[in-house]
Q: 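Here's a structure for you.
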Amino acid sequence: MTDWQLLAPDEDSLALADTARAQFRSLRGPAVMRAALDGGVAGGWETVAEGGYVDIGIPEELGGIGRMIDLVVMLEEAGRALLTAPLLASALAFRTQVAAGVHREEFRRAPAGFGIAEGVVDEGGRCRVERVHVLGGHGAAAFTLVVQGPEQVWVVVVDPEGEGVEAVEQDTLVDPSRPLPAFRLGHKTGVAAAEWRELAFGDLERVLAGARVCVAADLVGTAAGALDGAVEHVLQRRQFGRAIGAFQGVKHQLADAYTAVERARSLVYGAALSLDPRDCLLANAVAAETAVRVTSLFTQLMGAMGVTFEADCHLFLRRAHQTACLLGEPDALYLAAARIERRISR
Amino acid sequence: MTDWQLLAPDEDSLALADTARAQFRSLRGPAVMRAALDGGVAGGWETVAEGGYVDIGIPEELGGIGRMIDLVVMLEEAGRALLTAPLLASALAFRTQVAAGVHREEFRRAPAGFGIAEGVVDEGGRCRVERVHVLGGHGAAAFTLVVQGPEQVWVVVVDPEGEGVEAVEQDTLVDPSRPLPAFRLGHKTGVAAAEWRELAFGDLERVLAGARVCVAADLVGTAAGALDGAVEHVLQRRQFGRAIGAFQGVKHQLADAYTAVERARSLVYGAALSLDPRDCLLANAVAAETAVRVTSLFTQLMGAMGVTFEADCHLFLRRAHQTACLLGEPDALYLAAARIERRISR
Amino acid sequence: MTDVTSEFEAFLDGFLPADYAENYRHYRRDVKLRTEYQAAAFDAGWLVPEWGPGEGGRGLSVPDALAVKLAGARRRVPRLMNIQGAGVAAPAIRSYGTAAQRARLLRPATRGDEWWALGMSEPGAGSDLAALRTTATLADGVFTVSGQKVWTTQADEARWCALYVRTDPEARPHRGISCLILDLRSPGVEVRPIRTAGPAVESFCEVFLDEVKVPEEALLGPLHGGWGVAMSSLEHERDMIWINTWLETTRALEPTLTAPELSEHQLVRLGRSLADAEGVRLTGLRTAAQRWAGLPSPASSILKLLGSESVQRAALLSLESAGARAFDDPALFDERLESLAATIYGGTSEIQRNIIAERTLGLPKGTP
Amino acid sequence: MTDVTSEFEAFLDGFLPADYAENYRHYRRDVKLRTEYQAAAFDAGWLVPEWGPGEGGRGLSVPDALAVKLAGARRRVPRLMNIQGAGVAAPAIRSYGTAAQRARLLRPATRGDEWWALGMSEPGAGSDLAALRTTATLADGVFTVSGQKVWTTQADEARWCALYVRTDPEARPHRGISCLILDLRSPGVEVRPIRTAGPAVESFCEVFLDEVKVPEEALLGPLHGGWGVAMSSLEHERDMIWINTWLETTRALEPTLTAPELSEHQLVRLGRSLADAEGVRLTGLRTAAQRWAGLPSPASSILKLLGSESVQRAALLSLESAGARAFDDPALFDERLESLAATIYGGTSEIQRNIIAERTLGLPKGTP
């Protein structure tokens, strides 16, 4: 079997995707997102934990199961269903812990939070961060943070209930079903980390590689879900005596969207196989742009209906925008990938 | 009369545009470009000089006539006709001389060359430039150069026959009908300038403002000519039993091209009225992008015919590409305009 | 600056609070200020300066009136509370209304004392006015109206509705339409606001009409001549629309213009958006100038296309270049969401492109 | 790397000059090397490794054969002098040819000893094979062919032409087409090269056919079954096309990758183009992998769209980021010009989009 054959999901992956799709749908992502916009709280950790989803893509020696590509197809289904349970945050936390060598099996028994921030960690593992947005920060048993200092990078695992962790007052209305609360850590004396690892600055992208693949998979799923919604809409909606999907102007936009989604998916699969920093940066950037573009198109094709609360398109758009910049804006990622490639080429 | 009413060309401008259009067409730009690709030499200075075109937009006290907007409509007709006579180079040279205060009426009696380069000019007006591409450099009686030093900028007028001016061997096949030969100036002792003026670096864009408007007007004309050609083609060419111009996919691309051309024209007219550096940078950038985009569309809509020597579309594409980067690539111009605006806004 | 604009600026200086420019983000949502501004501007003749003094204007020439509007936009004058009233309904009443209609309705609509809704869109008809199905039958001097309207802005707060109805079902689709002035308090009218995805500036409603009686005197314009009333009243919005999109674009760019630090590639995008804003402003002005000079002007559809693209790119830039700050400032997302609607109101971009291709470039009519 | 690709790499190491990679820009246009490479690769079984050993292949599995082709692309093996021969005509002869046709034609077509042209496009028919008008009437065992072909690559240097003709004018357009093997030296054939706008890698011709006699034995595939032959032979190009666009994209990016200095915004564009190249490569591989695994694969039309966009953006970037250097290096413009043709060969982007919308997304067929 040559490497590229791994780009086709095998039977196990496909079965996983089917199961995940059915189960995530039953969790009614759009309905929960709407409720969250009205102040409801999105739960669901138990379901994803009992389903064994948090073990996928974790190495077997750490009690995990399946390959990176299985994690990708599963997160794609989560993105497609607008899953509100804190699965992505946990996947980001655990992948980053594994990459930095600070993962413990017990971490997977509770929901995790994940964030990237500027700050410092001293030699005793005390961590000071002025402000960090933590995905899954509400209800997490531990925060996994990538802390960027002036010359090093640290991966730390901290207890959100620990001394020195303060929630920062803010509104987060873009996607309240997957909140991004902000925190300040150890303003005065630092927060003691349960685990920490210091890395050279050049290792940052190696450590983030898996997280980028996870975010990208989620975004591809969100884009794919929006594309499905848009196609369904243009088949139903009639104008000038025919379904608007019969107009070439609409057709071509949707054909381009389909092409963009498949392209992004290819990049994510490729990055999942290689976990090469350049590939992961590109997959993250492309998935982010694609999700914003396709969810925007969905909103526009919905016409006036697109601005109503009852339409799903704004939910997809919210999810896409909040997730797209989670690990950096696309242009900055392209820039970083180009710099890596130029170092190799010259 | 309010300022904005000047955005509509008056009767004099319209009459000038009509005359120029007829005369420039009679000079058969596309045919001369094709001949130049085969090694022929494009002349035509006499025609534009006798037509009085070189005096347009020059202040009356310097023997000129008409306003900046007249220069714009005239150069737009030149771009549309793919004029090969060295009118743009002269316009760039004379506008820049006027802006720097080194213009003499007698300069307008002969074709001029124009270029921007890095180099230095000493206090005695001796100029050293390692390499400069001079538009209209073949056959020019004088070169007007904007020389950028590390801390100053100079505008110089030099005699191409003067001691120390050497032609640099090169191919210039992008648009041989409007050649951009390269020169080296005063490798050892410098070349004595006939006129020179030292300016602060911050004055660069003020001095280049008029030149940017001229280049932009030429590019808008080239884009408009390509749009005309594309529309003509899609009305004639039939596929699947109808004119390809009836397909919505083609229609929407041409509607976007039309919109882009009108937008670029508005920016050029606006810049011609204000001669504000920010406005001129934006007009130049937009016109360059529009010309490349519309001439590319023309080429693509021509299908297989588009790659033949006999089709006009590659001539428009050549002209657009060569002219688009003449005063800097569009992204760099947008960047400069944004920096100016941010200085004002904060 | 012309004399007339200085006079207008003096009026603004007198009316607006001293910290208006500085705290625009706050005043933008100040209902009291906005209401009072409209009334004061009308009373001083600045709201519709091109109308005659007897109608509440100053009899200004078109160029002078446009200069006043531009000066207002630059100063970001308070947004009217009910734009359809002064901007669409009032010009239609002025052009098509009977003497009695003008006397009763024109001033309150323009001054903002009585609000208006526009009953055009219907479920399943959207951008296609010719497909409307709400019917009105005339008998004994009374129209009986039944049907449904949707996306009717501010119908829940408006007193009147310029209601487009089918009065001749036999005629070709756009020939059998009439415009009725509907009192929204009439029996049989039910208005239901539609909840929007983000915090909308104006409400959106469904309007259900069940055998509503409208007196014959409430017909605006000729019977079966509603198409002309609609086209002409939308025409009046023309300059207002591009001035507004220009304003929206510059407003959307403000966070990026004043951001403490931007990377080079963000600056390039900012430059492109500045060109977008100027493209809208200058194309709008050029169109007005050429129209005024009696010259053929660029197709007005391009203003719509340029405007929506301009606002969308600006909102996207401000959201994306805010980076993590966007997580704390949901207004950036809301503006982005709102900007996507810009391609919908007043005809989708697809329709604008068809119009340009067919009417301006002369390409053959296809299926749309 | 698998064993089979290492063996292929060893073959390349033995065949290619030591400075091949370094001086690729030069060797790219080396006709002798390219000709010799094709013959040597064929003789060693590397040109069509998926074919049986008796046919000049190595009987490799599809995955191994694709691995060999990718390894070749990475090494930038010399471009075949006549791609239509080995890439399109040979597979069609192999699938549809009679024993006699295979014996006479297959090996020289694949080895490059005899060149082939493809007679598909006609003036006024372009991408629309069903509209072709060149006719052939069969009588007494001989077809008499009259008509005109255009954009026929290398017809001026080819020995044979796979000529598509209308043999049943009564049948529905795509049912009445046959494929004939035309000896281009036949009387009544006139070939005129078309001058191209830039320095083209391969020539373009018009082919005029005036009562040309073609023996019945030269029919390829069933009478009136030419549509199937055409579709199947283009199908064989499938992987070749995306591998080639990927290669072209990376080649077009080289000046930018190695440029001494780039500004940040140029780096961003470079990153986008790297993603384009990877998008083509990985989508091509994924499509092949899913096909091989018997899974539904993404529509192959997307490879065409991705490929042409990818090459175009790369060529534009390299031209624009060269700045003034582009004035001295006309090759950058020529690549840009050539890249624009990428949306034309093998069906325009518009047609690809229609196919995706209708066949993959299930949108209604409209007028095209």
Side-chain angles (χ1 to χ4, degrees), chain A residues 1-11 14 227 230-231 234-235 242-243 245-248 250-271 273 278-279 281-283 285-286 289 330-342 344-346, chain D residues 2 5 63-64 66-67 70 253-254 256-259 262 264-276 278-293 295 297-299 301-302 305-306 309 349-350 352-358 360-368:
Chain A
M1 184 177 262
T2 57
D3 281 357
W4 59 264
Q5 286 177 267
L6 297 171
L7 287 168
D10 64 11
E11 277 176 29
L14 293 172
L227 178 61
V231 168
V234 303
L235 286 171
R242 55 170 68 192
F247 296 113
Q248 216 183 47
V250 172
K251 276 184 183 172
H252 286 188
Q253 290 185 72
L254 285 169
D256 284 340
Y258 171 82
T259 306
V261 171
E262 289 294 345
R263 170 178 182 259
R265 185 175 284 136
S266 300
L267 283 159
V268 176
Y269 283 16
L273 289 184
R278 186 205 72 148
D279 297 351
L281 282 161
L282 291 178
V286 168
E289 286 193 325
D331 281 355
L333 308 187
Y334 285 125
L335 180 71
R339 288 214 163 110
I340 293 175
E341 182 77 14
R342 268 168 63 87
I344 298 167
S345 297
R346 288 196 298 173
Chain D
T2 62
T5 51
D64 280 348
L66 185 52
L70 283 169
L253 286 179
E254 219 152 85
T256 309
L257 271 174
T258 56
L262 286 183
E264 263 187 29
H265 53 270
Q266 287 168 337
L267 283 168
V268 173
R269 285 178 71 184
L270 175 59
R272 279 210 168 73
S273 270
L274 293 173
D276 283 340
E278 282 294 86
V280 170
R281 185 178 72 88
L282 289 164
T283 304
L285 288 174
R286 192 160 71 89
T287 304
Q290 299 199 191
R291 218 162 52 213
W292 180 245
L295 296 171
S297 73
S301 292
I302 72 170
L305 282 178
L306 290 177
E309 186 167 279
S349 294
E350 280 71 33
Q352 309 300 331
R353 290 193 181 99
N354 284 339
I355 292 173
I356 293 169
E358 291 167 12
T360 307
L361 300 179
L363 299 183
K365 285 212 171 205
T367 50

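The sequence lines fix the lettering, A, B, ..., with proteins before strands; numbering per chain opens at 1. It should be emphasised that the depicted structure is a prediction, and the values quoted were computed from it without experimental measurement.
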Q: Does A:Glu262 offer a backbone N or O that forms a donor-acceptor pair with the side chain of D:Arg286 under 3.5 Å?
A: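 Side chain of D:Arg286 to backbone of A:Glu262: a pair is present.
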Q: Taking A:Asp256, A:Val234, A:Val286, A:Val250 one by one, which has the highest count of heavy-atom pairs under 4.5 Å against chain D?
A: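 Winner by heavy-atom pair count: A:Asp256.
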Q: Less than 4.5 Å to any heavy atom of chain A: does that hold for the side chain of D:Leu305, its backbone, both, or neither?
A: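 Contact with chain A involves the side chain of D:Leu305 alone.
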Q: Which bit of A:Glu11 is near chain D, if near means a heavy-atom gap under 4.5 Å: side chain, backbone, both or neither?
A: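 Neither part.
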Q: So which heavy atom on A:Lys251 is nearest to which on D:Leu363, and how close?
A: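 The pair with the smallest heavy-atom distance is CG-CD1, 3.9 Å.
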Q: Sort A:Leu281 into side chain, backbone, both or neither according to what part of it lies under 4.5 angstrom from a heavy atom of chain D.
A: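 For A:Leu281, neither part sits under 4.5 Å from chain D.
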Q: Say whether, by atom type as modelled, one donor and one acceptor occur between the side chain of A:Arg342 and the main chain of D:Thr256 under 3.5 angstrom.
A: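 Answer holds: yes.
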Q: Could you tell me which portion of D:Leu262 (side chain, backbone, both or neither) has an atom closer than 4.5 angstrom to a non-hydrogen atom of chain A?
A: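 Backbone plus side chain of D:Leu262, per the 4.5 Å heavy-atom cut-off to chain A.
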Q: Chain A heavy atoms under 4.5 Å from D:Leu361: which part of the residue, side chain, backbone, both or neither?
A: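 Both parts, backbone and side chain.
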Q: Would you call D:Glu309-A:Arg263 a salt bridge at under 4.0 Å N-O?
A: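 A salt bridge is absent here (no side-chain N lies under 4.0 Å from a carboxylate O).
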Q: Report which part of A:Asp10 has an atom under 4.5 Å of a heavy atom belonging to chain D: side chain, backbone, both, or neither.
A: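 Neither part.
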Q: Where does A:Leu235 contact chain D at under 4.5 Å (heavy atoms): side chain, backbone, both or neither?
A: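 Looking at A:Leu235, just its side chain touches chain D.
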Q: Taking atom CG of A:Leu254 and atom CZ of D:Arg353, what is their separation to the nearest 0.5 Å?
A: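 Going from the CG atom of A:Leu254 to the CZ atom of D:Arg353 covers 12.0 Å.
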Q: For the atom pair CG (A:Leu7) and OG1 (D:Thr283), what is the distance rounded to the nearest 0.5 Å?
A: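 Result: 9.5 Å between the selected atoms.
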Q: Quick check for you: to the nearest 0.5 Å, what is the distance between D:Leu306 atom CG and D:Gln352 atom CD?
A: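 Those atoms lie 11.0 Å apart.
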Q: Hey, which of D:Ala293, D:Ser301, D:Gly362, D:Ala288 has the most heavy atom pairs under 4.5 Å with chain A?
A: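 Of D:Ala293, D:Ser301, D:Gly362, D:Ala288, D:Ala288 has the most heavy-atom pairs under 4.5 Å with chain A.
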Q: Report which part of A:Pro330 has an atom under 4.5 Å of a heavy atom belonging to chain D: side chain, backbone, both, or neither.
A: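 No part of A:Pro330 comes within 4.5 Å of chain D.
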